[in-house]
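Here's the structure, in structure tokens; my notes come after.
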Amino acid sequence: MNLTTFAFIISGVLLNACAQVLLKAGTNALGGAIHLTVGNAFETFIRVASQLPILAGLACYALSLVVWIMGLSRTDVTIAYPMLSLGYVVAALGAWMFLGETISPQRLLAIAVIMVGVALLARS
């Protein structure tokens with residue numbers, strides 16, 4: 001994988017992980033779990049759509065899709081798709097840094113295993 005392809009793939013992964021953290025920040029601002037019913041669907045949509053972090057997260061998703069397609073056009077899916085697992089690493093760190101979520105020792109071990117797996121894949 002050349003540097004340009006790697007940049008597209010990693011940018012897609014980072015934007016996707018950023019979207020996750022932003023969407024969670026937006027749902028946190030709403031004050032808990034979202035309960036959707038037929039009677040509150042429109043009001044809930046307006047509440048969700050008015051959260052700036054959610055809108056920013058959706059924008060990150062849209063941009064990540066464009067960047068991801070550019071990366072996929074340059075490499076095999078068997079190389080690119082497993083790189084998405086790095087998104088878990090980035091999202092977990094982002095949630096810890098910006099949302100105050102905890103990362104248990106078991107999660108740290110899982111993150112290490114993912115990173116080793118991606119490193120092995122990148123060398124193939």
Side-chain angles (χ1 to χ4, degrees):
M1 180 183 317
N2 65 36
L3 187 57
T4 301
T5 302
F6 184 74
F8 279 121
I9 296 298
I10 291 301
S11 295
V13 168
L14 293 174
L15 284 163
N16 191 297
C18 184
Q20 289 294 322
V21 173
L22 286 165
L23 292 173
K24 179 60 177 172
T27 61
N28 285 352
L30 290 172
I34 297 170
H35 299 284
L36 188 62
T37 65
V38 174
N40 74 356
F42 183 73
E43 175 188 329
T44 301
F45 173 78
I46 296 300
R47 285 183 56 229
V48 169
S50 67
Q51 289 298 316
L52 193 55
I54 289 176
L55 296 174
L58 292 173
C60 283
Y61 265 138
L63 187 55
S64 77
L65 180 61
V66 171
V67 171
W68 188 253
I69 289 169
M70 306 247 331
L72 281 178
S73 74
R74 291 168 165 77
T75 192
D76 295 337
V77 171
T78 56
I79 298 296
Y81 191 68
M83 296 288 185
L84 282 175
S85 61
L86 287 176
Y88 174 76
V89 175
V90 175
L93 293 174
W96 171 67
M97 289 171 37
F98 300 112
L99 302 175
E101 294 185 10
T102 59
I103 300 178
S104 67
Q106 185 174 354
R107 288 181 186 174
L108 282 175
L109 178 60
I111 288 169
V113 168
I114 289 169
M115 291 174 67
V116 168
V118 171
L120 288 173
L121 179 71
R123 297 177 138 236
S124 67

Remaining members of V116's ILVMFWY cluster at a side-chain heavy-atom cut-off under 4.5 Å?
L120

What pair of heavy atoms forms the shortest contact from A80 to T75, and how long is it?
CB-CG2, 3.8 Å

Would a hydrophobic clustering, with Ile, Leu, Val, Met, Phe, Trp and Tyr connected at side-chain separations under 4.5 Å, put W96 with M115?
yes

Between Y88 and Q20, does the side chain to side chain contact (heavy atoms under 4.5 Å, CB included) criterion hold? Intermediate values first, please.
CA-CA 10 Å; Y88 174 76; Q20 289 294 322; over 6 Å; no

Could you tell me which non-hydrogen atom of A92 sits nearest to which non-hydrogen atom of I111, and how far apart they are?
CB-CD1, 3.9 Å

Supply the atom-to-atom distance I34 CD1 to F45 CZ, rounded to the nearest 0.5 angstrom.
12.0 Å

Interatomic distance, CG@L22 vs OG1@T27, rounded to 0.5 Å, equals 11.0 Å

Under 6.0 Å from the CZ atom of F6, do we count more than 12 heavy atoms belonging to anything else shown?
no

Distance-minimising heavy-atom pair for G57 and A19
O-CB, 3.3 Å

When rounded to the nearest 0.5 Å, the distance separating CG of L58 from CG of L23 is 5.5 Å

Would V89 end up clustered with V113 when hydrophobic side chains under 4.5 Å apart are linked, directly or stepwise?
no

Would a distance-only check, ignoring hydrogens and angles, find a side-chain to backbone donor-acceptor pair under 3.5 Å from D76 to I79?
no

If you take all heavy atoms of A17 and A91, which pair is closest and at what distance?
CB-N, 3.8 Å

Under the side chain to side chain contact (heavy atoms under 4.5 Å, CB included) rule, what do K24 and V21 come out as? Steps first, then yes or no, please.
CA-CA 5 Å; K24 179 60 177 172; V21 173; 5.8 Å; no

Say whether I69 and I9 are linked into one hydrophobic cluster, either directly or through other cluster members, by side-chain heavy-atom distances under 4.5 angstrom.
no

Flag yes if L65 and L84 sit in one hydrophobic cluster, no otherwise; membership is Ile, Leu, Val, Met, Phe, Trp, Tyr, and two members link when side-chain heavy atoms are under 4.5 Å apart.
no

Please report the shortest heavy-atom distance between P53 and G26, naming the atom on each side.
CB-N, 3.7 Å

Decide whether L86 and L93 are clustered together by the hydrophobic rule: side chain heavy atoms of Ile, Leu, Val, Met, Phe, Trp, Tyr closer than 4.5 Å, transitively.
yes

Does the S64 side chain pair with the main chain of Y61, one donor and one acceptor, at a distance under 3.5 Å?
yes

Working to the nearest 0.5 angstrom, can you tell me the gap between L63 CG and N16 CG?
11.0 Å

Please identify which of these residues, L121, V118, V77, meets the side chain to side chain contact (heavy atoms under 4.5 Å, CB included) condition with P82.
L121

Would a distance-only check, ignoring hydrogens and angles, find a side-chain to backbone donor-acceptor pair under 3.5 Å from S50 to R47?
yes

Rounded distance (nearest 0.5 Å) linking atom CE of M83 with atom OG1 of T5
11.0 Å

Does the R107 side chain pair with the main chain of T102, one donor and one acceptor, at a distance under 3.5 Å?
yes

Could you tell me the separation between the CD1 atom of I46 and the CD atom of Q51, rounded to the nearest 0.5 Å?
12.0 Å

